[in-house]
Amino acid sequence: MEIAKTYDPTIVEAKWYQYWLDNQIFASRPDPAKEPYTIVIPPPNVTGLLHMGHMLNNTIQDILIRRARMQGKEACWVPGMDHASIATEAKVVAMLQERGIDKKSLSREEFLAYVWEWKEKYGGMILKQLKKLGASCDWDRTRFTMEDSLSEAVTKVFVDLYNKGKIYRAYRMVNWDPKGKTALSDEEVVYKEVQSKLYYVRYRIVPENSIPGNEQTPHPEIVIATTRPETILADTAICVNPNDERYRHLHGKMVVIPFTDRQIPIITDEYVTMDFGTGGLKVTPAHDLNDYELGKKHNLPVIDILNDDGTLNDKCGVPKYTGKDRFAVRREIVKDLEAAGLLEKTEEYRSNVGYSERNPDTVVEPKVSLQWWLKMDELAKPALEHVLDDTIRFHPDKFKNMYRHWMENVHDWSISRQLWWGHRIPAWYDGQGNFVVAANQEEALGKFQVQYPESTGEIHQDEDVLDTWFSAWLWPISVFDGFKDPENADIKYYYPTNTLVTGPDIIFFWVARMVMAGYEFRHEFPFRDVYFTGIIRDQYGRKMSKQLGNSPDPISLMERYGADGVRTGLLFSSPAGNDLIFDTPVPKSNKPDDIANFLKTNDPLESKLCEQGRNFNNKIWNAFRLIKSWQEAHQPPPTPSKGGGFATLPSEGVRADVAIRWFEARFQAALAELEDHFSKFRISDALHTVYDLAWDDFCSWYLEMVKPEFGQPISREVYAATAGFFDRLLRVLHPFMPFVTEEIWQSLEPRQPGESICVAEYPKAEAPLPTPPRKEGEFLAPLSGAGGAAILEEASLAFEVVRQIRNLRNGQGMSPKVALELLVSTPDASAYESFGSVIQKLANVSAIRVNDAPDRKHESRTGTGFLIKSDEFFVPLETTVDAAKERQRLQKELDHQIGFLESVDKKLGNEKFVANAKPEIIENERRKKADAEAKIKSLQESLASLCG
RNA sequence: GGGGACUUAGCUCAGUUGGUUAGAGCAUCUCGUUUACACCGAGAGGGUCGGGGGUUCGAGUCCCUCAGUCCCCACCA
């Protein structure tokens, strides 16, 4: 069989994903014999498309779930979608507008028909894209927040919370999105600092109201600084600080609103800061939260001059402004004020302005309106407590602080939205101002008969829908039908879930509220661990977003580098809890010209990270090709040997028992490291561990050790051990790169139909064993712990020797093909007994003579040497070495050692160090001193002999 | 304004209770097309650990301070 030299993921990935689906590998059902491991996906927007954030987030979830599945747990990853009320509605409104249809011209039913049509057409694309990534979700469990049974859950919860007195209806100041024409929660407002202006406006004092005898007042007017001059028309008072001497004489007077004949009083309140602006504040209760509170305190009227779409209504009292947008009016009124001599001056000013999260160009208006609210104080208590006491663990735990701060200052949640796409609020009204909350119209009628027997006529349901997050916060419960049937087998088995993987940007929107719902409705936490991924940024440090056009297309990336390549590429640089910079080139701005210029000289899909991921895949692929070639090569019959073991074949050239024992020990150490990383959610570190294990230890060292000469056979035992290692290596790699590992695993040995590496057992760490006697024939004994540590130490010495010899050749410009002789002088020869053949093979050493040349320094032969710890090495060379080069090298090393010795001597000569440091530290310093002294002595001798 | 974090090689980051003269990957440079892999192999160079001060026998690590970057919360018009 011919195996391609480079791995081609394109065909392979689709093939195996289909195989996994066909064989129901990802399907899960409660199995009391197994421990459940559950993840619910953060449901992406139903009409959303995959972006880099999803890639990272879902890769991490997939790694966790695949590993758990291989560890024999009942792994269940529930996928699904969010109806994304405001985001989807905004998209459909825009789509209709393009088609020339105005939402206002449609009935609710007509509009919703369009949304459902849109959802059918574009919905769920993201789930298909997740399959490309390799996400091992149980697709049979796919849920949608607007499907019937989840909608029922929402209604049930609403009615329940209303009956408990936690949901209420009230007039309050809310954040109003004039584009979406809906209320928003505090969390849906994004503040941006913008350059604006501070306008100093003159308000004329009404003379009739001036105090008698004081007509010659020096202040016929009061100047007020404002950033929003258009709201002058909604002012209901001017407020100054009572202690402000400048305005004492104006207390209680009236001023005239410019361009109107409306008069408002000058009131006093200590709330006003004297040293900001002019020390005077215009009070606009309808359009500013603080003014609203101030207005309530002083019983001021509320004059709302804005329509729902942000245009001015006729309450503004100036006909020419009526019907115009607030920003247009701002420009106009500034001109008018100036013309009227009422604008004293204008100053540049930076201030924070709230924008709608979903309509990012839309400035949010504070607006008083009648909305539904959810009381948060009681819900927050257990949710806060159990994060602080680590019942629910945050990774990284710095997010606990953020969480605590929000929970301690939580405001009631404004849950109603003036939209159509979403869960309609289950409240019914009669025409007389009465209402009831009920699961459906029939129940509502019943309630009316009991509560309002006098009520007559038709009832109608609330027109508004609920905030998207009001269904999302139920997700870990509702996906298992925990509301519909609280005692069903699924919810009892899978809940609480194990791990939530999400971005820190939705910690308040979603995570905090899920915790609340968990305790409120199941009296238990919804997940044990929350892993917050970083946010993906571009090379300029900007968050990747559609608006900026700075995100590479994930599907194209996967087509170029393979899903496995992109997965590993992303994770190579994913510090736990920190943002990650993705390295594809991006245009500096999203202006068409910039993009065009950018594309002329840049490849937007070029990514060193993904390349590294792809190269890693290829490396594994080629290890496979090598091992496979051995399998197919002729193997000799089992080699007879003493004691049930085997003798190394000449073609292998090394003591295979040493190679095998060493890699076994190395593998065990890596497994322990992996376990540690995973337990701390250090996923990127875990990848680095398997990367090093596979590339360096397995490919560069182990395979090179046992590799027979070209065309020569390998012994059956070594092949079996190697194939066994490779199999286990593939298993630890599989969660990170599912496709390539499946492809190789399937070809490595004949497999049964339906068999898959996805459900192959994850390698377990062996219990530590005592050092096995190093007798031939016992090499297969499992080895770790003390025995493992010893062999790992011997190996690292041997590897250092190999590196030094390679380096020496390199420095002398010698070909690797020239075999060298190696003389060793050492107090402990054991490492050379076991690893001597390894050194010979990998460094191309013809013979090692250990403690065999005590007088080698007096030998007349030319050569060169080096030191590792206390072992001295000498390589005799036929040809004369470049003496100058060699001297330079030795001198450099000598200088380093002298400096090193000085620093050690300084420490040991310090009485306080000897008195205070821990004994093992001092012992270590003494050893360092002895080593350095030995090295210096040897180096000096070498230099001397080189000169002589 | 309140809170949190970060600043280590050209770049992206490790450095877990303070203890060898600080590590990795990428990039750069040198050598090598040898027989799994040039999506490869063997090497090299590159850091006064943001600045300053302190604690300590000893500081990348702990404390203070200054500077810069970022995030969250609040929203004095």
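Small disclaimer: the values here were computed from a predicted structure and weren't measured. The chains referred to below are lettered A, B, ... by the order of the sequence lines, with proteins before strands, and numbering in each begins at 1. Values below: all heavy atoms of this structure, side chains included; hydrogens, waters and symmetry mates excluded.
Annotation: proximity of residues 615-623 of chain A to RNA chain B (heavy atom, distance under 4.0 Å) is found for Asn615(A), Asn618(A), Lys619(A), Asn622(A), Ala623(A), numbered in ascending order.
Here, C57(B) and A74(B) have their C1' atoms 48 Å apart, quoted to the whole Å. G2(B) and U20(B) have their C1' atoms separated by 44 Å, given to the nearest Å. Rounded to a whole angstrom, the distance from the C1' atom of U69(B) to that of U8(B) is 15 Å. Straight-line distance between the C1' atoms of C64(B) and A22(B): roughly 25 Å, to the nearest whole Å. Going from the C1' atom of U56(B) to that of G18(B) covers 9 Å, rounded to whole Å. Nucleotides A27(B) and G46(B) have their C1' atoms positioned 11 Å apart, rounded to a whole Å. Look at the C1' atom in both U35(B) and C26(B): the space between them is 29 Å, to the nearest Å. Distance noted for atom C1' between A9(B) and U48(B): 13 Å (whole Å).
Look at Glu933(A) and Lys929(A) and you find a salt bridge, because one of the NZ, NE, NH1 or NH2 atoms lies within 4.0 Å of a carboxylate O, short of that distance. Between Glu230(A) and Arg326(A) there is no salt bridge, since no side-chain N of the basic residue sits under 4.0 Å from a carboxylate O of the acidic one. Looking at Lys935(A) and Asp931(A), no side-chain N of the basic residue comes within less than 4.0 Å of a carboxylate O on the acidic one, giving no salt bridge. By the 4.0 Å N-to-carboxylate-O rule, Arg560(A) lies close enough to Asp603(A) to be salt-bridged with it.
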How would nucleotides 23-34 of chain B be written as a contact map, 5' to 3', with B for base contact, S for sugar-phosphate-only contact and - for no contact, using protein heavy atoms under 4.0 Å? --SSS-------

Nucleotide by nucleotide, nucleotides 69-77 of chain B touches protein heavy atoms under 4.0 Å in the pattern (B base, S sugar-phosphate only, - none) --SSSBBBB

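One interatomic measurement links the two molecules: CG of Asn807(A) to C1' of A42(B), which rounds to 9 Å at whole-angstrom precision. One can place CG of Asn844(A) at 15 Å from C1' of U35(B), the figure rounded to the nearest angstrom. Distance, Glu675(A) CD to U16(B) P: 21 Å, rounded to whole Å. We find that CD of Gln539(A) is positioned 12 Å from C1' of U12(B), with the value rounded to whole Å. Going from atom CE of Met705(A) over to atom C1' of A36(B) covers 17 Å, rounded to whole Å. Between the CD atom of Glu704(A) and the C1' atom of U35(B) there is a distance of 11 Å, given to the nearest Å. In this structure, Ile3(A) atom CD1 and C39(B) atom P are separated by 19 Å, rounded to whole Å. Summarising the geometry, the separation between CD on Glu673(A) and P on A14(B) is reported as 16 Å, rounded to the nearest angstrom.
Proximity of the aromatic rings of Phe698(A) and Tyr702(A) is defined here by a centroid distance below 6.0 angstrom, and this criterion is met. Taking the six-membered ring where the residue is Trp, the centroids of Phe572(A) and Tyr691(A) are separated by under 6.0 Å.
Within 4.0 Å (heavy atoms only), Arg614(A) reaches at least one base atom of the nucleic acid. Within the nucleic acid shown, Cys239(A) has no heavy atom closer than 4.0 Å to any nucleic acid atom. Thr6(A) comes within 4.0 angstrom of a nucleotide base, judged by non-hydrogen atoms across all strands. Residue Arg803(A) is in sugar-phosphate contact alone, with no base atom involved, counting any heavy-atom pair closer than 4.0 Å across all strands shown.
A donor-acceptor contact under 3.5 angstrom links the side chains of Glu187(A) and Trp406(A), judged on distance only. For the 3.5 Å distance criterion, the side chains of Arg927(A) and Asn924(A) qualify, holding a donor opposite an acceptor. Side-chain N/O atoms of Tyr247(A) and Asn241(A) include no donor and acceptor closer than 3.5 Å. Residues Glu188(A) and Ser185(A) have side chains that bring a donor and an acceptor to within less than 3.5 angstrom of each other. In the model, Glu611(A) has no side-chain atom that pairs as donor or acceptor with a side-chain atom of Tyr561(A) under 3.5 Å.
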For RNA chain B, the dot-bracket pattern of Watson-Crick and G-U pairs whose distances stay under 3.5 Å, | for other-strand partners: (((((((..((((.....[...)))).(((((.......))))).....(((((..]....))))))))))))....

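Phosphate proximity of G41(B) to Trp695(A): present, with a side-chain N or O under 4.0 Å from OP1 or OP2.
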Using nucleotides 54-61 of chain B, report all nitrogen or oxygen pairs with the protein that are shorter than 3.5 Å.
{"from": "C57(B)", "atom 1": "O2'", "to": "Asn910(A)", "atom 2": "ND2", "distance (Å)": "2.7"}

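Side-chain atoms of Asp676(A) do not come within 3.5 Å of backbone N or O of Ala672(A) as any donor-acceptor pair.
Met173(A) and His287(A) get closest at one heavy-atom pair: CE-N, 4.3 Å.
In terms of position along RNA chain B, the nucleotide closest to Phe572(A) lies nearer the 5' end than the nucleotide closest to the other residue of the pair His896(A) and Phe572(A).
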Could you walk me through whether Lys608(A) and Asp583(A) pass salt bridge (charged side-chain N to carboxylate O under 4.0 Å, His left out), step by step? CA-CA 7 Å; Lys608(A) 289 288 172 196; Asp583(A) 62 346; over 6 Å; no

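To the nearest 0.5 Å, atom NZ of residue Lys400(A) and atom CG of residue Leu384(A) are 10.5 Å apart.
In this structure, Glu911(A) places its CD atom where only 12 or fewer heavy-atom neighbours from other residues, nucleotides or ligands lie under 6.0 Å away.
For Glu902(A), the side chain to side chain contact (heavy atoms under 4.5 Å, CB included) partners at least two apart in sequence or on another chain are Ile898(A).
Cation-pi geometry between Lys197(A) and Tyr349(A) is not satisfied (NZ or CZ under 6.0 Å from the ring centre, within 45° of the ring normal).
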